[in-house]
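Below: the structure, in structure tokens.
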Amino acid sequence: MAYKLIEGGGVTTPQGFLAGACYVGVKSRKSEKPDVAIIYSEQPASCAAMFTTNKFCAAPVILDREILKKGKARAVVINSGNANAATGTQGIEDAKRVETEAEKLLNLGEDEVFVCSTGVIGQKLPVEKVLDGVRRIVPELSKDKGTDAAWAIMTTDTVRKEVAYEMELSGGTVRIGAMAKGSGMIHPNMGTMLCFLTTDCAISSEMIKSALLETVQASFNRISVDGDTSTNDTCCVLALSLIHI
């Protein structure tokens, strides 16, 4: 199967996906780099995800594992600057507040929004700032803001990481887009990072879970930089049902 690189592509390259980002000051910095991002599927989507194998995992990972059990999701909210890890039950409650607010504003049902965080461990999530970011981003979601979202999830990364490919299947042309962050604490299983993939290929949750497992085993689970596994590792894929294989 031939894959074609789409220049300048990212998570909004596949049909039906929007994104947005803004700066809310989760972490004080001189540069007002965006620090809250949303990826949104305009139609129902299948989903699959893999998470850190660290026994000490962050609040968003605990929440997302429960959401994943339903196999359907429409959006992801990500913040950088604060990992919401080692924050106890308060951290889980804060992550749930972000999920619930996004579901309300996007007019989605319960358990349709993943929440991910990256950044400093052991500090309470400034949840009101993140909620403010969600409220600002939702009305401005756009096909043109995938790069803004990729920029927003960076922490110690020195470059933005985003890519998209297209390929021909029997049902037509399909696209896969992705963005990721991570440059330290990288050690199997998984490499410490956040990675979000989107596709307009119609595929069941069971099939996409199998494909994601195979792919992660051959990529992220082979990476080691410093021997440290993070609390927040997440690799998530949303598949919007447009082109059937």
Side-chain angles (χ1 to χ4, degrees), residues 10-12 17-40 52 56-64 67 74-106 108 113-162 179-185 192-196 230-234 236:
V11 291
T12 58
F17 287 95
L18 308 176
C22 71
Y23 171 78
V24 299
V26 174
K27 182 180 180 181
S28 298
R29 53 171 62 90
K30 294 180 181 179
S31 173
E32 291 194 357
K33 178 188 78 66
D35 50 14
V36 176
I38 296 177
I39 304 169
Y40 170 64
T52 180
F56 181 67
C57 57
V61 172
I62 295 171
L63 178 66
D64 292 346
I67 294 173
R74 292 276 298 276
V76 187
V77 178
I78 316 107
N79 76 270
S80 61
N82 184 297
N84 194 9
T87 49
T89 55
Q90 182 64 56
I92 297 174
E93 291 173 5
D94 289 340
K96 185 65 178 178
R97 285 185 64 191
V98 174
E99 176 209 341
T100 301
E101 183 69 8
E103 287 165 347
K104 180 182 73 173
L105 294 174
L106 292 168
L108 301 179
V113 176
F114 285 117
V115 177
C116 296
S117 298
T118 181
V120 178
I121 293 173
Q123 295 183 5
K124 180 182 177 182
L125 181 73
V127 66
E128 294 300 334
K129 291 183 177 181
V130 177
L131 291 172
D132 177 59
V134 172
R135 296 174 187 129
R136 289 165 53 188
I137 294 168
V138 168
E140 304 294 330
L141 287 168
S142 167
K143 289 287 291 184
D144 300 326
K145 294 184 178 179
T147 292
D148 291 349
W151 190 25
I153 68 175
M154 294 168 58
T155 51
T156 56
D157 305 70
T158 57
V159 295
R160 192 170 56 243
K161 302 174 178 72
E162 56 181 337
M179 69 181 194
K181 63 83 54 183
S183 61
M185 289 183 69
T192 299
M193 41 107 247
L194 299 180
C195 179
F196 306 97
S230 176
T231 56
N232 294 63
D233 300 341
T234 299
C236 171

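In this text, all values refer to a predicted model and were calculated from it rather than measured experimentally.
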Interatomic distance, [X] atom [atom1] to [Y] atom [atom2] [nearest 0.5 angstrom]:
X	Y	atom1	atom2	value
Asp94	Leu131	CG	CG	8.5 Å
Arg74	Phe17	CZ	CZ	9.5 Å
Ile62	Ile92	CD1	CD1	4.0 Å
Leu63	Phe114	CG	CZ	9.0 Å

How close do [X] and [Y] get, counting heavy atoms only, and between which atoms?
X	Y	value
Gly81	Val26	C-CG1, 3.9 Å
Thr234	Cys116	CG2-SG, 4.0 Å
Gly133	Val24	CA-CG1, 3.5 Å
Asn82	Asn84	OD1-N, 2.7 Å
Ala86	Gly122	CB-CA, 4.0 Å
Val77	Ala102	CG2-CB, 3.8 Å

Pair Phe196, Ile153 - check side chain to side chain contact (heavy atoms under 4.5 Å, CB included), show working. CA-CA 11 Å; Phe196 306 97; Ile153 68 175; 4.3 Å; yes
Looking only at side-chain N and O atoms, does Thr118 offer a donor or acceptor that is under 3.5 Å from a partner on Lys181? yes
Donor-acceptor pair, [X] side chain versus [Y] backbone, under 3.5 Å?
X	Y	result
Ser80	Thr155	no
Asp148	Cys22	no
Lys33	Trp151	yes
Asp64	Val115	yes
Lys124	Gly91	no
Lys129	Gly25	yes

Under the side chain to side chain donor-acceptor pair (under 3.5 Å) rule, what do Ser117 and Asn79 come out as? Steps first, then yes or no, please. CA-CA 5 Å; Ser117 298; Asn79 76 270; 2.6 Å; yes
Go through the steps for Ile38 and Val76 under the test side chain to side chain contact (heavy atoms under 4.5 Å, CB included), then give the verdict. CA-CA 6 Å; Ile38 296 177; Val76 187; over 6 Å; no
Only residue of Val113, Leu106, Leu105 satisfying side chain to side chain contact (heavy atoms under 4.5 Å, CB included) with Val134 is Leu105
State plainly whether the residues Glu93 and Lys96 are in salt-bridge range, i.e. N to O under 4.0 Å. no
Derivation and outcome, side chain to side chain contact (heavy atoms under 4.5 Å, CB included), residues Ile39 and Met179: CA-CA 10 Å; Ile39 304 169; Met179 69 181 194; 3.5 Å; yes
So Lys104 and Thr100, side chain to side chain contact (heavy atoms under 4.5 Å, CB included) or not? Walk me through it. CA-CA 6 Å; Lys104 180 182 73 173; Thr100 301; 5.6 Å; no
Residues forming a salt bridge (Lys or Arg N to Asp or Glu O under 4.0 Å) with Glu128, sequence neighbours excluded: Arg97
